[in-house]
Amino acid sequence: MPTDLPKQYDPREAQQRWLTFWDERGYFHSRPDESREPFCIVIPPPNVTGALHMGHALNNTLQDVLVRWRRMQGYNTLWMPGTDHAAIATQAVVEKRVREEEGKTRHDLGREELVRRIWRWTDQYGAHILNQLKQLGASCDWSRTRFTLDPVCARAVRQTFFNMFRDGYIYRGKRLVNWDTQLQTSVADDETYSETIKGGFWTFKYPVKGTNEFVRFSTTRPETMLGDTAVAVHPNDERYRHLIGMMVTIPLVGRDIPIIADGLLVDPALGTGCVKVTPAHDPNDYACGQRHRLPMINLLNPDGTINENGGKYAGLDRYKAREAVIEDMEALGLFEGREDRDISLKYSDRSKTPIEPYLSDQWFVKMGDREDGKPSFAQTATDAVTSGKVKFFPERYAKAYLDWLGEKRDWCISRQLWYGHRIPVWTYPGMVGFDTPTEAINHAKRLKALEDCLRAWETAGRVAIALSETDEQNPDLRRVTYPWYVCVLNADDKEIVSALEAEHFNQEPDVLDTWFSSALWPHSTLGWPGPALPDQPPGPQNPEWAQMRYHYPTNVLVTNRDIISLWVVRMVITGLYNVGEVPFHHVYIHPKILDAFGEGMSKMKGNGVDPLDIIDLYGTDALRFGMVHLSTENQDSKLPVSNVCPHCGAQVAVKREHMYMRTRKITCPECKKPFRPGGPWPKPDPDLPTAKQGSERFEMGRNFANKLWNAARFLLLNLEAYTPGALRIEELPIEDRWILSRLATTTAAVTKSLEGYQFSEVARTVYDFTWSEFCDWYVEMSKDRLRDAASRPTAQRVLAGVLDTILRLVHPVMPFVAESIWQTLNEAAFERGLPGPEPASESVVIAPWPQFPESWRDASMEQRIARMQELVR
RNA sequence: GGGCACUUAGCUCAGUGGGAGAGCGCGUCGCUUACACCGACGAUGUCGGGGGUUCAAAUCCCUCAGUGCCCACCA
């Protein structure tokens, strides 16, 4: 009899023990087995850029709850783990380190060396993150771990790109993109953020040719006037109507540009009513430029300096050029005034530098309607949700998904980075036509020969190629751009590559948006497209296809609402396109964790909590319980954070003034000793110990684990002479029938809550039943009965049976304490259960999920006893 | 500007048409052989303001105010 059980549950010891135990038994492995029903979740792959944060803890705890529950229900469960290469974020981090530690840029290192260093970093942090997930207790099939740059993922990326290219879903075009002048790449809208800064609002005038009139206009970016190609007024504006069609001169570059009428761009009530139009450097002006077929003059070099189109300002940084332009305009008497103004400026999230709108060549995936009548991606993704094939929990998030698709905005998939999946397209470098017709004809002949050669190889099954002749969005460019791009499916075939290179074709230097590979995650990780050769296309006849189709479509995707458009939508699109089936049936969107002031947590703010600190302070189960408990249907949950004094353990709440690492030293109000608040400090402080971070909200889970532990301890101390035996419900005393009725009701409620993703309800229901009913009432009532030899055996059996069920109900949420007690109970009462005893399974992980006959439940008795309990109190 | 939510005890949050609740914190008492990470008892709220529907509103509707998040825009 293990009477030597400690009075307090020690989570630390249990965690390591059971992680090893589960791993050795291989409970988390899954193989296709047609005789069993599958249950599959693919993990939202964490970025390899950093450590796990609270959002990961929440996201992965909830997935693990579902997976552990379904596993107990007998499903063949697969939780597919992995990490994301996060191209831009990772490259930015490594470039920053190289800059700080060696004072070098990526260009100093060169492409090969930089990529090598990023890989080194990736390997190190990827392993670290996976290890953290394991510490959380995540019951993933670790043998299947994938990384978005793995060869299988790369193959899926190439195949998808190739198919979309061939089918005309991918095109290349000149577009105005968000340009990060430090990283020298385009970044997506969602990789930018806006800040309001103090800026200027300058008013200038241009002389109207052939008159002595001027047009006055205002701008926040005077330097862009170097690239103006028109001045626009509203067509109905009486003040300017007589000027429409006349020309003005940009004095600094001496260019004449027209005055045009544009009702969309110009609001006559704002400013002077005149707008300078810089199509290459402003989104609205770009649209206007397209409407009026205006020339587009790019003013910037990739590093943010003015290029040769800026005349004498060439070479100046754009901000220096701004000052120079203002000065020169003033000297010409064309400067009218400046006022201070708060300006909302876009920044790159990766480099924290201001974004410049920049015209450049990019690759896109077309979302909207197609000329050939094939379904548009926006349409197929919309149908998946409106038809009910994909359901959102909570339902309201379907709206966010559908609204976004309604805009049918094309997806810019190229990034000017070195780390990531390189675009498998070769282009001809001579982008600007030919000087003489003969030259063009000769090139065409040679290229025709190349094309014939490629076709021959394709026919022989050597390679799959697709050619594109259009630059769909910019038909004008057809005349000056060499008409085709070659997309090569097996881009790793050296012979084909050298043949292309012999004809001076170059592979696109760009890599794909990281979301391109993430979009394929549900099927690429499961084996799509298989080891396909060009003559053996992916499809049901491919052996790996069948394996994939066992798990695909997956059952549920668990993620947060920020990436519905970035990720969820795109997985649906590629899943339908590649496999012909949606990637998941359910999408559960979980809440966002905020700090005590209602703000999102971030490294920069320093208002976050490290899940490992929580595990250290309260135990993994407490962390998990806390996460499940706060997952209500609401959008947010506040998590007040405190610094735990490293000297005395007192909790000192984090205040606003502590944020952004502004506070370096806190004096503990309890022990009066100084310490440094927790946070992402670059290195340890030799003079000041750093606090760990905690939050009172995890005490509930810690206490609950301890309560369970002690309930078990009580039972174990009273199991002497325990014998298994069947229970006849109708012959049991009322308290037994009551607790069994409550147990059956609780079990049904927990199951139902899990089915509806009501996580918080799961935690509450199990907690309340265990604490307020089983411990407070039933265990207390059993004490007398255990002393009486006649009633003792039944009391032991019911106690053991109920505790056994509680452990099963608790296990998905708090697997470690559940396993600890389960194993101990196995030693003392191996055969137990309700209503009759059965040998216990070797681990609670594989114990069957409980389910009791409806007849056990007696609602009126439950109510009667509940009333009685209230009276007693 | 558009959208989605939120506002209930000091704090964090459940409750969505008929008794205002939980955990933490607070007060008093208690080492009664599971548990002080505990137990017993207790205090604390015109359920954001206003209006309406209803026999009945924290709960449904309208409106105002505040907060957070997302999207768009800001010559």
Side-chain angles (χ1 to χ4, degrees), chain A residues 3 5-11 189-190 194 196 199 201-204 217-222 224-225 228 231-233 262 265-267 270-278 282-285 288 341-346 394 396-397 399-400 403-404 407 409 560-565 589 591-592 594-600 618-619 622 625-626 629-630 632-640 651 653 695-718 758 760-761 763-764 767-768 771-772 775-776 779-780 782-783 799 803 870 872-873:
Chain A
T3 48
L5 283 181
K7 285 186 172 187
Q8 257 187 29
Y9 171 62
D10 174 16
D189 288 339
D190 37 81
S194 295
T196 303
F201 190 62
W202 289 268
T203 302
F204 301 99
F217 58 87
S218 302
T219 178
T220 55
R221 293 188 295 158
T224 60
M225 75 170 59
D228 284 358
V231 170
V233 298
D262 191 310
L265 181 69
V266 182
D267 179 346
L270 283 179
T272 63
C274 289
V275 181
K276 61 190 272 309
V277 185
T278 323
D282 181 275
N284 290 318
D285 293 4
C288 172
R341 183 177 274 207
D342 287 337
I343 294 169
S344 168
L345 190 62
K346 251 190 192 180
R396 67 182 119 93
Y397 289 111
K399 191 171 156 35
D403 284 354
W404 189 83
E407 293 180 29
R409 290 204 297 187
N560 70 64
R561 65 180 181 277
D562 294 350
I563 53 177
I564 290 175
S565 53
I589 303 291
K592 197 182 175 90
L594 308 174
D595 70 4
F597 317 108
E599 292 184 43
Y618 305 96
F625 184 87
H629 190 259
L630 65 72
T632 66
E633 287 218 0
N634 282 340
Q635 295 193 137
D636 308 312
S637 191
K638 280 187 254 185
L639 187 71
Q651 296 212 5
S695 173
E696 286 177 353
R697 291 194 70 184
F698 297 104
E699 289 177 6
M700 195 180 185
R702 180 197 60 188
N703 296 353
F704 184 42
N706 196 54
K707 188 73 178 177
L708 276 166
W709 178 254
N710 277 291
R713 192 163 169 267
F714 168 80
L715 175 62
L716 290 159
L717 291 168
N718 285 287
Q758 313 268 337
S760 184
E761 212 44 45
R764 279 174 227 278
Y767 180 95
D768 288 344
W771 203 304
S772 311
C775 291
D776 285 356
V779 168
E780 290 308 319
S782 75
K783 285 179 177 172
L799 278 167
L803 182 64
E870 271 183 56
V872 172
R873 284 180 188 276

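Naming: A, B, ... by sequence-line order, numbering from 1 per chain.
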Categorize Thr220(A) for me: base, sugar-phosphate, or nothing, with a 4.0 angstrom heavy-atom threshold over every strand shown. sugar-phosphate
Does C6(B) pair with anything, Watson-Crick or G-U wobble, both distances under 3.5 Å, and if so, with which nucleotide? G66(B)
Contact class for Trp202(A) vs. all strands (heavy atom < 4.0 Å): base, sugar-phosphate, or nothing? nothing
Below the 4.0 Å mark, does C38(B) have OP1 or OP2 next to a side-chain nitrogen or oxygen of Asn703(A)? yes
Thr632(A) side chain near A14(B) phosphate (N/O to OP1/OP2, under 4.0 Å): yes
N/O (side chain, Arg409(A)) to phosphate O (OP1/OP2, A72(B)) under 4.0 Å: yes
How would you label the contact of Arg702(A) with the nucleic acid (heavy atoms, under 4.0 Å): base, sugar-phosphate, or nothing? base
Using a 4.0 Å heavy-atom cut-off, does Glu633(A) contact any base of the nucleic acid, only the sugar-phosphate backbone, or nothing at all? nothing
Using a 3.5 Å distance criterion without hydrogens, assess whether the side chain of Thr220(A) forms a donor-acceptor pair with backbone atoms of Phe201(A). no
Atom CG of Leu639(A) and atom P of C24(B): how far apart are they, to the nearest Å? 17 Å
Under 4.0 Å, counting only non-hydrogen atoms across every strand here, what does Asp282(A) touch: a base, just sugar-phosphate, or nothing? nothing
Any strand, both distances under 3.5 Å, Watson-Crick or G-U wobble: G30(B) pairs with C38(B)
Do the side chain of Tyr767(A) and the main chain of Gly701(A) share a donor and acceptor less than 3.5 angstrom apart? no
